[in-house]
Asks: 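Sharing a structure here in structure tokens format.
Remember, it's a predicted structure, so these values are computed and weren't measured experimentally.
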Amino acid sequence: MATISDVAKLARVSTATVSRVINNSAYVEPVTLERVQSAIRELNYQRDARASALAKKTNNTLGLLTGNLADPFFALIAKHVEEVARKHKCQLVVVSGGHDAQREKEGLDFLISQGCEAMVVHAKMLDDATLLRYSAQLPSMVLLNRTIPQISNRSVYIDNKAGAKESVVHLISQGHRKIACVTSDLPIEDRTERLNGYRDAMAEANITIEPNWIINQNFSEQGGELAGEQLLFQCPEVTAVVTFNDVMAAGLMASLHENNIRVPDDISIIGFDDVLLARYLYPRLTTMHNPIDEMSSYAADLALKIKNTGYVPPSNHRFNASLVERQTVIPFSDKQALKVL
């Protein structure tokens, strides 16, 4: 009778790799996976009956790969995925990818090792090809806040471009024409899509964007503060700003306040996401509401439904952002301009 060592020798891999393939306990490259499976068939390898029975037991867990949990946006994701897990009496396993490709990959491997078949995956730094390879092994893996055409039926995402465009159109409708864009310095699709929305709105209004109006910083409060200093130095003429997210807007507002620039009297600001923080800034932040709470719940329900029923979902799971008007935008007047330091 063939042993696991025989399979490993024929497939030219370690016994640990054979074990991962048999138990589906971690990601294995497709070429290696095929070699191991071919060796198993050729040797007619049969697993120990007790081990097989144990492996077939349902692991009632839901996995979540997300970003920095200290960020209110990602905390909101975790909160709503957890609510779904509780509703379905599942254990939730959460890992943070930290917006780093290697950490995201390690996080996915850890979730697999914990027996998570259903997963909600918020991965921004892993490339499409890598995520597609994981999705081939994990039919109940659902992408959140990202879409890949080949698995669009398992992608839950927001129309970032349309949302960002709406925020700029609102500022233009208020008479603003010198509008800056404070955005992320990471090469992620959210940044690209929101920047494209900004550019489209400005182009349709026949407004030329000056190169110094686009400011790239880390999408955190600290990044927003640095953007405020940069804004004052390189484009004091702007009268309005759209930001990548609300925490950047918060940092930006703090920086402007320290430099005696009044919001919205001297400059109008629009955020993106509408996290809880936005309602309690002073003045209260006008922002684009990102329905990430609904999206997170939807993605978790979808992952569990696929796992439990084999349901094949439709191809479109797109959500839309909406403008929430508060106190940080006023109509442009001739007196409204940044003070030059």
Asks: Would you tell me whether Asp273 and Asn290 have side-chain atoms, one donor and one acceptor, within less than 3.5 Å of each other?
Replies: yes
Asks: In terms of the angle between their ring planes, are Phe73 and His122 parallel, tilted or perpendicular, with boundaries placed at 30° and 60°?
Replies: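 Ring orientation, 0 to 90° scale: perpendicular.
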Asks: State whether a side-chain donor-acceptor pair under 3.5 Å links Asp246 with Thr287.
Replies: yes
Asks: Could you report the tightest heavy-atom contact between Arg177 and Ala205, atom names first, then the distance?
Replies: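 Looks like NH2-O, 3.5 Å.
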Asks: Roughly how far apart are Leu232 CG and Leu252 CG, rounded to 0.5 Å?
Replies: 8.5 Å
Asks: So how far is it from Ile172 CD1 to Asn206 CG, rounded to the nearest 0.5 Å?
Replies: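 These two atoms lie 10.0 Å from each other.
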Asks: Could you verify whether a donor N or O on one side chain and an acceptor N or O on the other, from Ser152 and Ser155, lie under 3.5 Å apart?
Replies: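 Note: Ser152 and Ser155 side chains miss the donor-acceptor criterion.
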Asks: For Ala39 versus Ala11, what's the shortest heavy-atom pair and its separation?
Replies: CB-CB, 4.0 Å
Asks: Roughly how far apart are Asp128 CG and Leu132 CG, rounded to 0.5 Å?
Replies: 6.0 Å
Asks: Judged by modelled atom types alone, do Asn212 and Gln234 share a side-chain donor-acceptor pair under 3.5 Å?
Replies: no
Asks: Tell me, yes or no, whether the heavy-atom count around Lys124 atom NZ, taken from other residues, nucleotides or ligands under 6.0 Å, exceeds 12.
Replies: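 Counting other residues, nucleotides and ligands, NZ of Lys124 exceeds 12 neighbours.
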Asks: For Arg191 and Asn160, test the side chains for any donor-to-acceptor distance below 3.5 angstrom and give the result as yes or no.
Replies: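 No, no side-chain donor-acceptor pair sits under 3.5 Å.
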Asks: Which pair of heavy atoms, one from Ala75 and one from Leu69, lies closest together, and at what distance?
Replies: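 Closest approach of Ala75 to Leu69: CB-O, 3.8 Å.
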Asks: Taking all non-hydrogen atoms of both residues into account, name the closest pair between Val169 and Ala201 and its distance.
Replies: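 What the structure gives for the nearest pair is CG2-CB, 4.0 Å.
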Asks: Verify the distance criterion only: is there a donor paired with an acceptor across the side chains of His88 and Asn60 at less than 3.5 Å?
Replies: no
Asks: Which one of Thr286, Leu281, Leu256, Leu171 satisfies the side-chain contact (heavy atoms from CB on, under 4.5 Å) criterion with Ile269?
Replies: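 Option passing the side-chain contact (heavy atoms from CB on, under 4.5 Å) with Ile269: Leu256.
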Asks: Just by modelled atom types, is the Ile40 backbone N or O under 3.5 Å from a matching donor or acceptor in the Asn44 side chain?
Replies: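 A pair under 3.5 Å: no.
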Asks: Minimum heavy-atom separation for Val263 and Pro283, please, with both atom names.
Replies: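 Looking at all heavy atoms of both residues, the shortest contact is O-CG, 3.3 Å.
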Asks: Mind checking what makes ring pair (Phe, Tyr, Trp, His ring centres under 6.0 Å) contact with Tyr298, not counting sequence neighbours?
Replies: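 With sequence neighbours excluded, Tyr298 shows a ring pair (Phe, Tyr, Trp, His ring centres under 6.0 Å) to His317, Phe319, given in chain and number order.
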Asks: With no hydrogens and no angle check, do the side chains of Ser322 and His289 hold a donor and an acceptor under 3.5 Å apart?
Replies: no
Asks: Closest heavy-atom contact between Ile158 and Glu193?
Replies: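 Looking at all heavy atoms of both residues, the closest pair is O-OE1, 4.5 Å.
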Asks: Donor-acceptor pair, distance only, cut-off 3.5 Å: does the side chain of Gln174 make one with the backbone of Ile330?
Replies: no
Asks: Connecting only ILVMFWY residues whose side-chain heavy atoms lie within less than 4.5 Å of each other, what is the rest of Val31's hydrophobic cluster?
Replies: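 Its cluster partners, ordered by chain and number, are none at all.
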Asks: When you measure from the centre of the six-membered ring of Tyr157, is the NZ or CZ of Arg318 under 6.0 Å away and within 45° of the axis?
Replies: no
